[in-house]
Structures are given as C-alpha cells and as structure tokens.
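Notes follow once the structure below has been shown.
Every heavy atom of this structure was used, including side-chain atoms; hydrogens, water molecules and symmetry mates were not.
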Amino acid sequence: MQMNKRTLVASLLAAAGWSLAPGLCAAAGKRLVIGFAQTGAESEWRTANTESVKSAAKAADVDLKFSDGQQKQENQIKAIRAFIAQKVDVIILAPLVTTGWDTVLKEAKAAKIPVILESRNVEVKDPTTWVSFVGSDFVEEGRRAARWLLDHTRDTTGDVNIVELQGTVGSDPANDRKKGFEEVIKTNPRYKVIRSQTGDFTRSKGKEVMEAFLKAEGRKINVLYAHNDDMAIGAIQAIEETGLKPGKDILVIGVDAVKGAFEAMMAGKMNVSVECSPLLGPQLMEAAKKAAAGETLPRWIKTNEGVFPQEVAAKEFPNRKY
C-alpha cells in the first residue's frame, strides 16, 4: 500500500514518539509541553480560569501538565521544579503571592525554560526570569470600583463608611485592588475605610470576616468593598443574618463578574461587579507557542474588561461564560 509524503513522515515521527499535531513545537518537531502551576480552586473565578487553560490546551493539541497548588506557595515551587526536571517547553505560573519566587525562577531560566505569568504578577530581583504576564490591570479594577461608588453616592450627604474584604495577603490582586480603590476615594474626605481585613478570596472567610465587621460596626457600615465576588457573596449571607438588607442597607461592590455575582445582583443583593476575566487560556496558548519558538513577547498582555452594575445584570447574565 502506497503512502503519501505526509502520511509517511507522520508514521516515522510516530515511531519516534512525535507527531504532526497542530500544537507541535516546530523547533523540536514534537508536541508542545506546558507545565501549569495553578494557585488552587479558591473561587468561581479560579475554577473558570483552570477550565479555560485546560480547554484551550486541548483545542491546541498541547500536552498540559497541571498542578493544583492548593493555596500553598511551597506546592507551586515544588511543581515548577518538577516541570524543570521533566524538561517541559514552557512553564505557566499563576503565583499565589508576589514574592518568594527568585530562586525557583532562576532555576527555570538556567534550564532555558521560558516562564509566563498568568492572572497575578511577581516581584523578583531579576525580571528576565519570566518572559510575559498575561492578565488584568488590578489597580484599574480598584479604581473602577471606587469611581462607581463615588458616582452612585454623589447625591448623598455625610460620611460614607466602607468596610473592605481584602484578597490573599501578599497577592498581586489584593495589593493592587486596594491601592487603586484608595487612590480614587482619597479625593473625597467623605469616604472612609473603617475596617479592612483579608478574607483570603474565599466565600467562607468572607462571611466570617463580615460577621466580625458587623459585630464591631453594625449599622455604621454603608458600603462593602470585596476584592472578589466570592467574598462578597459570603458577606451577603452575614449581612442577611443580622437582619439588614444587602444591596440596600449596605451597598455591595465585588470584583470578577462571575455568574454568582450576576445572580446576586438580579436578586437585588449586590450592586456592582468589576470584571476580571479568567478566560485566559487562548491568550496563554498563543503566548506559550511564541515563547517556545524563541519569539519576544510583550511584557504585559492585557485583557479587555468592563463594569457591570445591578441595572444591567439581567440583560448580561445570559452572555456570561463563567
């Protein structure tokens, strides 16, 4: 039986353990192998982020080696070292916190494995240990949340007392969402953050910390600003359990724009969610292929996002993919 040229080449490559798949690394003549060190599954956002990366890898016929860090930096560092030992082509890291990565990223650089950061950034002495960051502008997200608040309450009088549920201590989105929010509200002395504490980006911790805020401040609280929607949803439960009405007695601001937030807005319990898209998979696969081929990538590949107030929730909900 005669074979055409492509079939013959494919057969020879298959015998060597290689393929002519669309996700192949052209320089090496084999499938692109990516190691993905994820933070964990602490929220709806993170779950959607994982699914986006996995589905994009499958669509691109990329061999994705996935590691769930379970909210521990040491687990992520172990995963990166395992990827280095396995000689993957590219490492994607969603860093749990910003610091503590210098040594392991130097090891990846020494092994000539490009590292792409996704969803969160890092602070390292040698910035050449990573090639690109794919993700959002967290400072701008904080600004957007504050701008909505100032606009929404511009016709009110008196002090506006805010409680803040911060994300994971030391994480890029927690630091930057706080920074951006404060940058805008400090322009008006009426707006005061009277309590601020981490809720670790989880629904259960968000509820627990909000209970403490309510116990300490009670009806003095006018606004809740949560660094993600999961914490906001947990806090809504705490507000309801005290007999207050979330969305009315206490304005509720979240970040991420997950489906759960839209459901809360449609129920009148949440006022706005600032978008932070987790659907980074396609951008990451494109960036990884270019990095593996030795191409220079932009230092920051940004995602396009918006702000969704309660008034548009019902209309936008059917369009949400996460």
Side-chain angles (χ1 to χ4, degrees), residues 13-43 45-98 100-122 124 128-135 171-172 278-295 297 301 322:
L13 287 172
W18 297 349
S19 77
L20 280 174
L24 59 79
C25 176
K30 62 181 179 63
R31 285 179 77 199
L32 188 69
V33 181
I34 297 175
F36 178 30
Q38 180 62 285
T39 61
E42 79 279 7
S43 62
W45 191 99
R46 191 57 62 181
T47 301
N49 178 240
T50 294
E51 287 307 311
S52 175
V53 176
K54 285 183 174 179
S55 62
K58 186 177 180 181
D61 197 26
V62 163
D63 182 0
L64 184 73
K65 298 184 183 298
F66 176 77
S67 174
D68 182 341
Q70 298 179 329
Q71 299 299 104
K72 293 180 181 178
Q73 185 181 29
E74 58 265 33
N75 289 347
Q76 291 192 290
I77 290 171
K78 285 177 187 174
I80 293 169
R81 288 189 169 130
F83 295 150
I84 293 169
Q86 293 167 51
K87 298 181 179 179
V88 301
D89 298 306
V90 178
I91 292 171
I92 295 173
L93 168 64
L96 182 66
V97 293
T98 56
W101 303 102
D102 291 84
T103 302
V104 74
L105 292 186
K106 280 180 184 176
E107 291 169 17
K109 182 183 177 182
K112 295 183 167 51
I113 300 173
V115 175
I116 296 172
L117 306 175
E118 80 102 59
S119 75
R120 299 179 182 182
N121 217 318
V122 298
V124 289
T128 67
T129 54
W130 57 274
V131 298
S132 185
F133 166 64
V134 179
S171 71
D172 205 31
L279 308 180
L280 306 179
Q283 284 177 295
L284 285 165
M285 292 307 112
E286 183 182 351
K289 287 180 183 181
K290 288 178 178 179
E295 293 184 38
L297 295 172
I301 300 171
Y322 60 92

If you round to the nearest 0.5 Å, how far is CD of Q38 from CZ of R46?
-> 4.5 Å

D63 side chain to V33 backbone, donor-acceptor under 3.5 Å = no

Any salt bridge between D89 and K30, counting N to O under 4.0 Å?
-> yes

In terms of side-chain geometry, is the basic nitrogen of K78 or E74 positioned less than 4.0 Å from the acidic oxygen of its partner?
-> no

Output for pair (S119 OG, D172 CG), nearest 0.5 Å, gives 9.0 Å

Sub-4.5 Å side-chain heavy-atom contact between I91 and I84 = yes

Considering non-hydrogen atoms only, spot the tightest contact between G281 and A56 and give its length.
-> C-CB, 3.4 Å

Approximate separation, where rounding is to 0.5 Å, of R31 CZ and D61 CG | 4.0 Å

Should K112 and E107 count as an ion pair when the cut-off is N to O under 4.0 Å?
-> no

Heavy-atom pair with the smallest gap, counting every atom of I301 and A287 = CD1-CB, 4.1 Å

Report yes or no: is the cationic atom of K54 (NZ for Lys, CZ for Arg) under 6.0 Å from the centre of the six-membered ring of F66, at an angle within 45° of the ring normal?
-> yes

4.5 Å side-chain heavy-atom contact, W101 and I80 = yes

Do the side chain of E42 and the main chain of Q71 share a donor and acceptor less than 3.5 angstrom apart?
-> no

side-chain contact (heavy atoms from CB on, under 4.5 Å) between V115 and V131, worked out | CA-CA 6 Å; V115 175; V131 298; 5.9 Å; no

Under a 4.5 Å cut-off applied to non-hydrogen side-chain atoms, are V122 and W130 in contact?
-> yes

Would you indicate whether the side-chain heavy atoms of P282 and S52 approach each other to under 4.5 Å?
-> yes

Evaluate the criterion side-chain contact (heavy atoms from CB on, under 4.5 Å) for residue pair I34 and M285; output intermediate values, then yes/no.
-> CA-CA 9 Å; I34 297 175; M285 292 307 112; 3.9 Å; yes

Heavy-atom distance under 4.5 Å between the side chains of V90 and I116, does that happen here?
-> yes

Do you know the tightest heavy-atom contact between A292 and L32?
-> CB-CD1, 3.4 Å

Side chains of E118 and N49 in contact at under 4.5 Å (non-hydrogen atoms) = yes

Heavy atoms only: give me the nearest A94-F36 pair and the separation to one decimal.
-> CB-CE1, 4.4 Å

Separation between OG (S67) and CG (N75), nearest 0.5 Å, reads 7.0 Å

Just by distance, do the side chain of Q86 and the backbone of A82 share a donor-acceptor pair under 3.5 Å?
-> yes

Would you give the length of the straight line joining atom CG of L297 to atom CD of E286, rounded to the nearest 0.5 angstrom?
-> 9.0 Å

With side-chain contact (heavy atoms from CB on, under 4.5 Å) as the test, would you mind laying out the steps for T129 and D102 before giving the verdict?
-> CA-CA 8 Å; T129 54; D102 291 84; over 6 Å; no

Answer with yes or no whether the side chains of R120 and T98 bring together a donor and an acceptor at under 3.5 Å.
-> no

Could you state the interatomic distance from OG1 (T50) to CG (L280), rounded to the nearest 0.5 Å?
-> 10.5 Å

Examine distances only and state if a side-chain atom of S55 and a backbone atom of E51 form a donor-acceptor pair shorter than 3.5 Å.
-> yes

Heavy-atom closest pair, residues V53 and L284 = CG2-CD1, 3.7 Å

Check the pair F83, K65 against side-chain contact (heavy atoms from CB on, under 4.5 Å), reporting the backbone distance first and the verdict last.
-> CA-CA 8 Å; F83 295 150; K65 298 184 183 298; 3.9 Å; yes

A41 and T47 have their tightest heavy-atom pair at CB-OG1, 4.3 Å

